[in-house]
**Q** 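Sharing a structure here in structure tokens format.
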Amino acid sequence: MPARVWIEDLWNYVGKEVVVRGWIHRLRILGGINFALVRDRSGVVQVVDEKKLLSDFRHENVVEINGEVIEEKRAPGGIEIRLKGVKLLGEVYYESHLPVQIYSDRSVSRLKLETLLKYRVLTLRNPRQRAIFKVLNTVVDAFREYLKNLKFTEIHTSKIVASATEGGAELFKIDYFGKKAFLAQSPQFYKQIMVGVFERVFEVGYVYRAEKHDTPRHLNEYLSLDVEIGFISGLEDLLELETGLLKHIFKKVREENEEELKLFNAQVPDIEEIPRLTIKEVTGILKREFGKPIIGLDLDTEGERLITDYVRKRWGSELVFVTHYPLSKRPMYTYPDPSNSELSLSFDLIFRGLEITTGGQRIHDYRMLVEKIEERGLNPDDFSYYLDAFKFGMPPHGGFAIGAERLVSKILNLPNIRMASLFPRDRHHLCP
RNA sequence: GGGGCUGUAGUUCAGCCUGGUUAGAACGCCGGCCUGUCACGCCGGAGGUCGCGAGUUCAAAUCUCGUCAGCCCCGCCA
């Protein structure tokens, strides 16, 4: 018996007999012939069953089939397997029908989000749903690959923390052997501390926000792609780093997820330079071009969309860096702009109307940091372990974080970020 | 935290405004026919606590109130 062949490799076996293992994706029983679609990790293939061996099989049965690979114009995808034999590897135990049809991309894409998530174990098997996570996988791989080439070290920091890092955001409280603890909202402090060790670090990890928002772009647990780099000479170094990083991520997605992108009719931007605007310039443009009143130096959801439209028209870019936010709107560790103490060396990256990154240069001087903590009415003693790193010498540094699900949502034009999380944790979903 | 909306078959929805016999459609499912299906086709069939509770009424999916669940927008964030 020949070894198992992946469905994606069947073109190399035309005219040969192969063994394929997978699931009965779709079964169509006609008078004297059956057509089945069989699905494995790599794809779906039509199986022609002239001996009616599959007549009593059911959707999602796990099978091993063998037969000859035939090039056939009438087959979907131009290739099919003439069934010679089938073995049942896994039984199914549902009554009459699956709760949702997963063989049809069209019917899966018409499901209400609630239903899509309720039957997540099934709906994820749909090739189009599965494609989202292949893209996410490429994004994470490309992120790692690019940074490792630049001598970054991947770190893994604790998600159980004693105190807030940035204040403001709501935290999940947990009981830690009788002590009050929290789920980390960001690896911020730890990645900065690790700049004192490795100079260049990144982390791929979940972070937690207990905010009771319920929108198509928020999750209470999301995958944060965190970067922190030492010995920078300014904000520009960070913008350049992220530009190169995204260029690489987009290139990889384009190369490795052609099929997946097609399923979503998605175009990945081909970036050269990402336009850079200060928040002051942005609010000016919004007022001038769209008559939007300025309410402080900040961007609301509508503003993010409008500036995206403007940048797209003006420079043909779907991404834009917005820089130099007011210091007061940024966390206490943010480096003040030397040319205007009201502003900060910070930035957001907006992609197709959505903020996918926040970053900036950090304060690296111990005294300055203590000062800023006190200015905000916080107690430096609460940050002693963090401050110790600075007491013992830190280089000028900065970093940023990319929201992985947001990035993937925007690449694929998903209507809701929850679709980019396998088992999303939002206000209403703790299970599955 | 503020505002808007939805809940009817396994799924996606119509019916509600203007109350009236047995609540419909499409897809899916079951049985029959069909050797090129791929939105197959044809014949037959099963499937409903109209989210839940109360009220108004001769009569409620439909009107009113309450309640639970979900969706969208804003704020805040990645």
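The sequence lines fix the lettering, A, B, ..., with proteins before strands; numbering per chain opens at 1.
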**Q** Does A/Glu302 come within less than 4.0 Å of A/Arg305, counting only side-chain N to carboxylate O?
**A** no
**Q** So, do A/Phe35 and B/rG36 meet the stacking rule of ring centres under 5.5 Å and planes under 30°?
**A** no
**Q** Reckon A/Ile356 touches a base, only the sugar-phosphate, or nothing at all at heavy-atom distances under 4.0 Å?
**A** sugar-phosphate
**Q** Distances under 3.5 Å only, N/O to N/O: pair up the protein atoms with those of nucleotides 10-13 of chain B.
**A**
unit_1: B/rG10; atom_1: O2'; unit_2: A/Pro99; atom_2: O; d: 2.4
unit_1: B/rU12; atom_1: OP1; unit_2: A/Lys112; atom_2: N; d: 3.1
unit_1: B/rU12; atom_1: OP1; unit_2: A/Thr115; atom_2: OG1; d: 2.7

**Q** Salt bridge or not for A/Arg276 and A/Glu281, using N-O below 4.0 Å?
**A** no
**Q** Could you state the atom-to-atom distance from CG of A/Leu117 to C1' of B/rA69 in whole Å?
**A** 15 Å
**Q** Toward the 5' end of RNA chain B, which comes first, A/Glu355 or A/Arg74, by nearest nucleotide?
**A** A/Arg74
**Q** For A/Glu405, answer base if it contacts any base atom (sugar-phosphate contacts may also be present), sugar-phosphate if it contacts only those atoms, and nothing otherwise; contact means non-hydrogen atoms under 4.0 Å.
**A** nothing
**Q** Contact class for A/Arg217 (heavy atom, under 4.0 Å): base, sugar-phosphate, or nothing?
**A** base
**Q** Please give the nucleotide sitting opposite B/rA25 as a Watson-Crick or G-U wobble pair, both distances under 3.5 Å, or none.
**A** B/rU12
**Q** Working note: A/Arg41 + A/Glu8, criterion salt bridge (charged side-chain N to carboxylate O under 4.0 Å, His left out); need CA distance, chi angles, decisive distance, verdict.
**A** CA-CA 9 Å; A/Arg41 54 154 282 281; A/Glu8 66 183 350; 3.5 Å; yes
**Q** Scan A/Glu114 against the nucleic acid and name what it touches under 4.0 Å (heavy atoms): base, sugar-phosphate only, or nothing.
**A** sugar-phosphate
**Q** Expressed in angstrom and rounded to an integer, what is the separation of A/Leu299 atom CG from B/rC77 atom C1'?
**A** 13 Å
**Q** For B/rC77, which nucleotide is its Watson-Crick or G-U wobble mate, given both distances must be under 3.5 Å?
**A** none
**Q** Are the charged groups of A/Glu259 and A/Lys134 less than 4.0 angstrom apart, N to O?
**A** no
**Q** Please state whether the phosphate of B/rG75, meaning OP1 or OP2, lies under 4.0 angstrom from any side-chain nitrogen or oxygen of A/Thr301.
**A** yes
**Q** Describe the nucleic acid contact of A/Tyr103 in one word from base, sugar-phosphate, nothing, applying a heavy-atom distance below 4.0 Å.
**A** sugar-phosphate
**Q** Could you work out the separation of B/rG28 and B/rU62 based on their P atoms and round it to a whole Å?
**A** 31 Å
**Q** Would you mind classifying the nucleic acid contact of A/Ser104 as base, sugar-phosphate or nothing, using non-hydrogen atoms under 4.0 angstrom?
**A** nothing
**Q** Counting the atoms with a prime plus P, OP1 and OP2 as sugar-phosphate, which does A/Glu80 contact under 4.0 Å by heavy atoms, base, sugar-phosphate, or nothing?
**A** base
**Q** Looking at A/Thr358, does any N or O in its side chain come under 4.0 Å of the phosphate oxygens OP1/OP2 on B/rA78?
**A** yes
**Q** Establish, with yes or no, whether the OP1 or OP2 oxygen of B/rC72 is under 4.0 angstrom from a side-chain nitrogen or oxygen of A/Asn416.
**A** yes
**Q** Rounded to whole Å, how long is the line connecting atom CG of A/Asn34 with atom C1' of B/rC34?
**A** 12 Å
**Q** Can the positive tip of A/Arg58 be found less than 6.0 Å from the middle of the six-membered ring of A/Tyr94, inside 45° of the ring normal?
**A** yes
**Q** Contact class for A/Ala75 (heavy atom, under 4.0 Å): base, sugar-phosphate, or nothing?
**A** base
**Q** Whole Å only: how far is the NZ atom of A/Lys329 from the P atom of B/rA78?
**A** 14 Å
**Q** Please determine, for B/rA46, whether a Watson-Crick or G-U wobble partner exists with both distances under 3.5 Å, and give it or none.
**A** none
**Q** Parallel, tilted or perpendicular, judged at 30° and 60°: which one describes the rings of A/Phe189 and A/Tyr386?
**A** parallel
**Q** Both A/Arg26 and A/Arg82 contact RNA chain B. Taking the nearest nucleotide for each, which residue is further toward the 5' end?
**A** A/Arg82
**Q** Return the value, rounded to whole Å, for the distance between atom CD of A/Glu60 and atom P of B/rG28.
**A** 16 Å
**Q** For a quick check of understanding: with a heavy-atom distance under 4.0 Å over all strands, which category does A/Thr357 fall into, base, sugar-phosphate or nothing?
**A** sugar-phosphate
**Q** Distance check needed: B/rC77 P versus A/Ile350 CD1, whole Å only.
**A** 13 Å
**Q** Does the B/rC29 base have a donor-acceptor partner in the side chain of A/Arg58 within less than 3.5 Å?
**A** no
**Q** Tell me what A/Asp300 touches on the nucleic acid: a base, only sugar-phosphate, or nothing, going by heavy atoms under 4.0 Å.
**A** sugar-phosphate
**Q** In whole angstroms, how far is the P atom of B/rC33 from the CD1 atom of A/Ile29?
**A** 12 Å
**Q** Take the angle between the ring planes of A/Phe202 and A/Phe152 and call it parallel below 30°, perpendicular above 60°, tilted in between.
**A** tilted
**Q** Output all residues satisfying side chain to side chain contact (heavy atoms under 4.5 Å, CB included) with A/Val207, sequence neighbours left out; order by chain, then residue number.
**A** A/Pro187, A/Tyr222, A/Ser224
**Q** What contact category does A/His25 fall into here, base, sugar-phosphate, or nothing, at under 4.0 angstrom with non-hydrogen atoms?
**A** nothing
**Q** What is the pairing partner of B/rC63, taking Watson-Crick or G-U wobble pairs with both distances under 3.5 Å in any strand?
**A** B/rG55
**Q** Taking the six-membered ring for Trp, are A/His364 and A/His397 parallel (under 30°), tilted (30 to 60°) or perpendicular (over 60°)?
**A** perpendicular
**Q** For B/rC5, what is the paired nucleotide under Watson-Crick or G-U wobble rules, both distances under 3.5 Å?
**A** B/rG70
**Q** With rounding to the closest Å, how many angstrom separate the P atoms on B/rC33 and B/rG48?
**A** 28 Å
**Q** Expressed as a whole number of Å, how far does the C1' atom of B/rA26 sit from that of B/rA59?
**A** 31 Å
**Q** Just how far, in rounded Å, is C1' of B/rG36 from CD1 of A/Ile70?
**A** 14 Å
**Q** With heavy-atom distances below 4.5 Å as the criterion, would you say the side chains of A/Glu289 and A/Arg314 are in contact?
**A** no
**Q** When rounded to the nearest Å, what value does the distance between P atoms of B/rC77 and B/rU18 take?
**A** 45 Å
**Q** Is there side-chain contact between A/Arg39 and A/Arg26, with heavy atoms separated by less than 4.5 Å?
**A** no
**Q** For the P atoms, the ones on B/rG45 and on B/rG7, what distance do you get once it is rounded to whole angstrom?
**A** 31 Å
**Q** Quiz question: going by heavy-atom distance under 3.5 Å, is there a donor-acceptor pair between the base of B/rG75 and the side chain of A/Glu302?
**A** no
**Q** Have a look at A/Arg305 and say if it touches a base, only the backbone sugar-phosphate, or nothing, with a 4.0 Å heavy-atom cut-off.
**A** sugar-phosphate
